[in-house]
Amino acid sequence: MDGIDVLLKERRLYRPPSQFQKKAHLSGFEVLEELRRKARRDPEAFWVSAAKELFWIKPWRKVLDWKPPFAQWFVGGKINLSANCLDRHLSGARRNKAAIIWEGEPGEIRTLTYQQLYSEVCRFANVLKGLGVRAGDRVAIYMPMVPEAAIAMLGCARIGAVHSVVFAGFSAEALRDRINDAQAKLVITADGSYRWGQVLRLKDAVDEALRSCPSVEKAVVLRRTGAASPEASDLAWSEGRDHWWHELMARASDRCEAEALDSEHPLFILYTSGSTGKPKGVLHTTGGYLTQVTLTAKWIFDLRDDDVYWCTADVGWVTGHSYVVYGPLANGATTFMYEGAPLHPSADRFWSMIARHRVNVFYTAPTAIRSFMRLGEQWPAKHDLSSLRLLGTVGEPINPQAWLWYHRAIGGGRCPIVDTWWQTETGAIMITPLPGATPAKPGSATLPFPGIDADVVDKNGRPVPPGKGGYLVIRRPWPSMLRSIYGDPKRYEDQYFSQITSPDGSRRRDIYFTGDGARKDKDGYFWVLGRIDDVLNVSGHRLSTMEVESALVSHPAVAEAAVVGRPDEIQGQAITAFVTLAGGRSPSDGLKDELRQHVAKAIGSLARPSEIRFSETLPKTRSGKIMRRLLREIASGETVRGDVTTLEDFSVLARLQSQGEEE
Ligand code: PRX
């Protein structure tokens with residue numbers, strides 16, 4: 001893994017290939033710069049022109065109502081997101097075009113045209129109504145990557161129900177907490193999903209969660225694995241509560257008028273990790289979100305009517321919301337979905353799908369690229385990838401080596417790469433190249449999207465000079481920004497609007513702090529350096545150190561735990577946990593495994609520590625704060641080895657470290 005120094009030395013410029021540029025929606029750096037200038041002078045006018053591309057049931061009265069830190073966009077407007085993704089594509093040639101092409105892990109292929117998807121969504125919206133779901137009610141979705149996940153989301157949006165999609169890799173306990181926080185009335189799930197050739201039993205996890213979710217009245221269960229797998233036929237069934245998806249759908253009408261919803265009507269809650277143990281319900285609303293998601297998808301992925309576009313994210317993450325489902329469908333594009341594991345049944349599964357479906361635009365995470373790189377070029381080389389014309393990355397900084405490999409081995413040297421920086425909270429892409437306009441520098445997300453006022457500043461909100469590190473902030477509200485933390489506006493304010501202060505110490509409620517550190521170079525290009533709070537990024541998945549710590553201390557053998565991230569060549573960061581044991585318990589490999597399993601049960605296997613180190617004590621400052629920096633250094637180096645780290649080891653290290661700092 002190369003460090004920041006290598007990142008900053010990476011000076012090569014990759015200009016948009018002229019072939020690409022000729023046909024791009026947005027072509028030429030000067031055109032883009034002019035747009036940026038105009039948007040800087042009048043950001044509201046810029047976003048108004050984007051919003052006007054959508055279908056509004058009633059126009060807005062006011063573009064932006066900004067009472068820092070709370071923003072409202074297109075106030076008074078009435079809109080329906082599902083009508084924008086479906087109904088408005090039905091009158092012309094797009095009606096019979098593929099909206100979703102899907103491939104299951106075992107290899108089946110399904111295509112839904114816009115007309116078919118529309119009918120399914122209307123039907124499902126009627127199912128929701130029939131189950132007593134009304135506008136504003138919360139619906140939890142715990143689904144595999146199947147078209148029905150998108151149908152469920154769009155069905156909610158059609159009637160104004162607020163969806164909370166929970167990634168199917170999260171455990172029953174994590175699902176339970178999310179359902180309870182949102183007070184969801186309904187859960188939508190499947191009997192199972194295929195992954196790595198195995199059946200992942202989702203309904204079992206739902207059953208376990210629902211033992212302590214009093215708000216949930218009903219569950220809808222899609223039969224995905226049932227007939228094909230003997231294990232799934234022993235499904236538990238709660239009469240009265242559980243309903244089969246296919247039975248409800250068979251009885252539902254395929255006509256359902258799209259509800260006229262306020263622009264600020266809540267669209268979804270998506271839980272993400274912050275710096276505390278409790279995940280935050282990031283709340284997004286309708287009109288502004290759809291405006292920014294639609295425009296960014298169109299320009300950044302340069303979507304064309306004959307494209308097959310594939311974003312590999314799961315719908316359980318924000319990327320799946322904005323760039324698998326809503327962004328592409330709002331643009332009338334064809335979005336490809338894949339159910340299973342990337343390397344199943346062999347390491348060329350992705351490349352085989354790109355070749356077979358003639359995928360044109362491919363958007364994935366650096367961690368995936370790094371693992372493909374390690375597996376070797378012979379896998380993509382087996383397939384004809386000439387349909388690809390544009391590549392993208394998201395989720396973490398990409399190291400220049402991985403960027404260059406992606407460019408050459410996957411893109412054949414002819415595809416621009418868009419390295420897109422954004423967050424669950426931002427709802428849509430914020431800093432990114434535009435593929436027909438921005439010269440790329442491998443490792444840099446380049447420049448803010450027009451209308452986005454991003455900057456790198458010091459504690460007082462003053463810009464830092466080029467080359468210097470600082471806080472990555474957004475100075476002005478943007479349409480797809482989160483509106484709050486669900487049910488906790490104070491936490492919203494504390495989390496995002498308290499770091500940057502005026503010289504007198506008062507909070508700058510008008511400056512959004514992203515949690516990331518960054519630098520700008522002399523060309524104004526942004527180099528995102530990663531989180532500077534207690535948030536980990538493991539394989540592009542966000543986790544808080546405290547979340548993993550509280551999972552560990554909930555095990556009776558654990559007295560205290562401290563969790564840190566250490567650099568990892570494939571995952572970006574890997575989890576190391578320092579654990580002190582309760583009296584009477586002694587370290588063993590068996591206990592390590594048990595603790596790892598315990599974390600997987602509390603959160604999901606994505607949070608399983610890759611390393612557990614037993615320690616007699618944890619190093620603390622005099623005021624009792626755990627010395628995380630020291631632990632991070634120990635975790636990433638070879639400083640201390642052996643079974644147990646002792647207090648003496650730590651005190652020696654602390655002394656050495658403070659000497660180092662004084663020098
Ligand atoms: O640290 C940044 C990193 O991912 C964080 C956001 O994580 P999440 O909310 O899960 O959303 C991920 C997908 C949008 C950011 O705070 N991050 C995301 N994209 C990039 C990135 N870091 C560097 N470069 C990126 N392109």
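All values reported here derive from a predicted model rather than from experimental measurement. Ligands are counted one by one from 1 in listed order, and the atoms in each one are counted from 1 as well. Reckoned from all heavy atoms, side chains included, excluding hydrogens, waters and symmetry mates.
- By the 30° and 60° cut-offs, the orientation of the rings of His541 relative to Trp317 is parallel.
- The aromatic rings of His321 and Phe268 sit tilted relative to each other, their planes meeting at an angle between 30° and 60°.
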Write none if no such pair exists; otherwise list each N/O atom of ligand 1 with its protein N/O partner under 3.5 Å and the distance.
from: ligand 1; atom 1: 1 (O); to: Asp516; atom 2: OD1; distance (Å): 2.8
from: ligand 1; atom 1: 1 (O); to: Asp516; atom 2: OD2; distance (Å): 3.1
from: ligand 1; atom 1: 4 (O); to: Gly395; atom 2: O; distance (Å): 3.2
from: ligand 1; atom 1: 9 (O); to: Thr424; atom 2: N; distance (Å): 2.8
from: ligand 1; atom 1: 9 (O); to: Thr424; atom 2: OG1; distance (Å): 2.6
from: ligand 1; atom 1: 9 (O); to: Arg542; atom 2: NH1; distance (Å): 2.7
from: ligand 1; atom 1: 16 (O); to: Gln423; atom 2: NE2; distance (Å): 2.9
from: ligand 1; atom 1: 16 (O); to: Asp516; atom 2: OD1; distance (Å): 3.2
from: ligand 1; atom 1: 16 (O); to: Asp516; atom 2: OD2; distance (Å): 2.9
from: ligand 1; atom 1: 16 (O); to: Arg531; atom 2: NH1; distance (Å): 2.9
from: ligand 1; atom 1: 17 (N); to: Gly395; atom 2: O; distance (Å): 3.3
from: ligand 1; atom 1: 19 (N); to: Gly395; atom 2: N; distance (Å): 3.1
from: ligand 1; atom 1: 22 (N); to: Pro397; atom 2: N; distance (Å): 3.4
from: ligand 1; atom 1: 24 (N); to: Glu396; atom 2: O; distance (Å): 3.4
from: ligand 1; atom 1: 26 (N); to: Asp419; atom 2: OD1; distance (Å): 2.7
from: ligand 1; atom 1: 26 (N); to: Thr420; atom 2: O; distance (Å): 2.8

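- The pair Asp494-Arg507 meets the salt-bridge criterion, since a charged nitrogen lies less than 4.0 angstrom from a carboxylate oxygen.
- Screening Asp177, Asp488, Asp181 for a salt bridge (charged side-chain N to carboxylate O under 4.0 Å, His left out) with Lys278, the sole residue that qualifies is Asp181.
- In this structure, a donor-acceptor pair under 3.5 Å is present between the side chains of Asp521 and Trp527.
- Using a 30° and 60° split on the angle between ring planes, Tyr512 and Trp478 fall in the perpendicular class, above 60°.
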